[in-house]
Amino acid sequence: MSDKQDNKKNSVKPVNSVLWAGRLAEKPEAEAFAFQASIAVDRRLAFDDITGSRVHAAMLGKQGIIPAETAEALDAELGRIAAELESGALTIDPEAEDIHSIIEGILTERLGDAGRMVHAGRSRNDQVALDLRLYLKRTIPALRAELAQTIGALLDQAEKHAESVMPGYTHLQRAQPVTLGHHLAAWCAGLVRDLGRFADALARLDESPLGAGALAGTGLPLDRNATAAALGFRGPTLNSMDSVADRDFAIEVAAACAITQTHLSRFCEDVVIWASEEFKFIDLAEAWSTGSSIMPQKKNPDFAELIRGKAARTTGNVVTLLTLLKGLPYAYDKDLQEDKEALFDSLDTVRNCLRMFRGMMASAKFNTERMKAACIGGFLEATDAAEYLVRKGLPFRKAHGAAALIVRDCIEAGQRSIAERTLPELKKRSELFDDDIYQALTPAACVAARSLPGGPAPDEVRRQIKILRGSI
Ligand code: ARG
């Protein structure tokens, strides 16, 4: 909904907008009514609600439950309402109860009894479950497209840096040389699984709850198969109580959001570390950095920090949804109204963060010289020295011991790398060392040697990038 739809002046206040008023002589006071209303959150389901109502009305006409002309009038009016909402000619009354009652109220105001016929065989319980699924069916593909574009942007950088050596870390201590391409491809491998998680969630929620009614279906001869097909669902849901009571699909989508956001938070932590003066591996574009209000020299990685911080929200939303469902008696309870705020927040957060992260990473420059220099000094080549000896027949445990002693020798002698030792010095720890050891210990050689599937060797990283590209 755009802001202009908040403009109360143009909004239509439907008559009888409270759908349940008949049974109750008294209406809640304004504050209490507003407390139980959900319009502020479910207004974004307006078009899905209209889509569902159009299909429901057409089916009611076809099944002879309402006159064919009434079904046609309802369809035309619902189409008009959608167009008016789109253009801003019609705005949603922020004081309405929920999106379902306001659309039905407008129909009734404009069409009289025809409007009063649209809800036959339907409850807001199946209606809201339907609207939410329709909303996810159109927004998850868009979110997956954002994810795919983000992966694409990272892979462009990975490709550019397939040969740029950098230290790989464990325990945030320099461990072994890798390439920046390898590191970025590692991020992408996780994001590609996230793509799959959204697709899986979408496939499982692809069933229409319409016709489940309040919980027990209806005695009216609805055609659930027809409405499911017309709405683009694989089919109708199996059980009417399950249809209105469960929100496992919302938990699943929120979990996929939380996992994606957790991934982003880790990547952003890497970026924050890399952007520090101590590392200086990355130079974020000025447009993707912020300054300090007091310290004139500052260029802060605020975007990365904020994306990292927003993972708190998406994690919280999963907990909210799980807690909402925990112990909730079957079938529908009003508690379920709380599902949408958490779910929408997760979807919005991930979408925004993917876009920001993509912009930040696509414009970043990498300081490949600093990365390369950081491969020297932490004895990242020690494992390769041990593997050199293994290749010459020494049992690994002995090779590990010899390389460890050499590292100690270096530290004692104030040397920064194994290559600084002479061959006779190396031979003191193992006779198997030869002249070719020096060539084997350069960062580029260490990386090139690790060409197994999954490894950081440039050609292998290019192969990984190709596969990742193929899966987006
Ligand atoms: N606003 C409600 C929700 O989001 C719609 C369903 C209301 N049903 C009811 N029986 N109160 O869940």
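In listed order, ligands and their atoms are each counted from 1. For the single chain, residues carry numbers from 1 onward in sequence order.
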Among all protein non-hydrogen atoms, which one is nearest to atom 3 (C) of ligand 1, and what is the separation to 0.1 Å? Y332 OH, 3.3 Å
Return the residue, atom name and 0.1 Å-rounded distance of the protein heavy atom closest to atom 11 (N) of ligand 1. R124 NH2, 3.9 Å
Which of the ligand 1 atoms, numbered from 1, are nearer than 4.0 Å to a heavy atom of V128: 3 (C), 4 (O), 12 (O)
Is R234 salt-bridged to E207, going by a charged N under 4.0 Å from an acidic O? yes
With distance as the sole test, does K137 use its side chain to make a donor-acceptor pair with the main-chain N or O of G232 at under 3.5 Å? yes
If you scan protein heavy atoms around atom 8 (N) of ligand 1, the nearest is N125 OD1, 2.9 Å
Dump the intermediate steps for side chain to side chain donor-acceptor pair (under 3.5 Å) on R224 and T237, then the final yes or no. CA-CA 9 Å; R224 293 196 64 206; T237 48; 2.7 Å; yes
Closest approach of any protein heavy atom to atom 2 (C) of ligand 1, naming residue and atom: Q337 OE1, 3.3 Å
Ligand 1 to D98, heavy atom cutoff 4.0 Å, flagged ligand atoms 1 (N)
Is it true that R313 and D345 make a salt bridge, defined as a side-chain N closer than 4.0 Å to a carboxylate O? yes
Under a heavy-atom criterion of less than 4.0 Å, does K340 contact ligand 1? yes
Short N-O contact, D98 and R43, less than 4.0 angstrom: no
Test: R116 and D113 ion pair at under 4.0 Å: yes
Counting both backbone and side chain atoms, is some N or O of R247 under 3.5 Å from an N or O of ligand 1? no
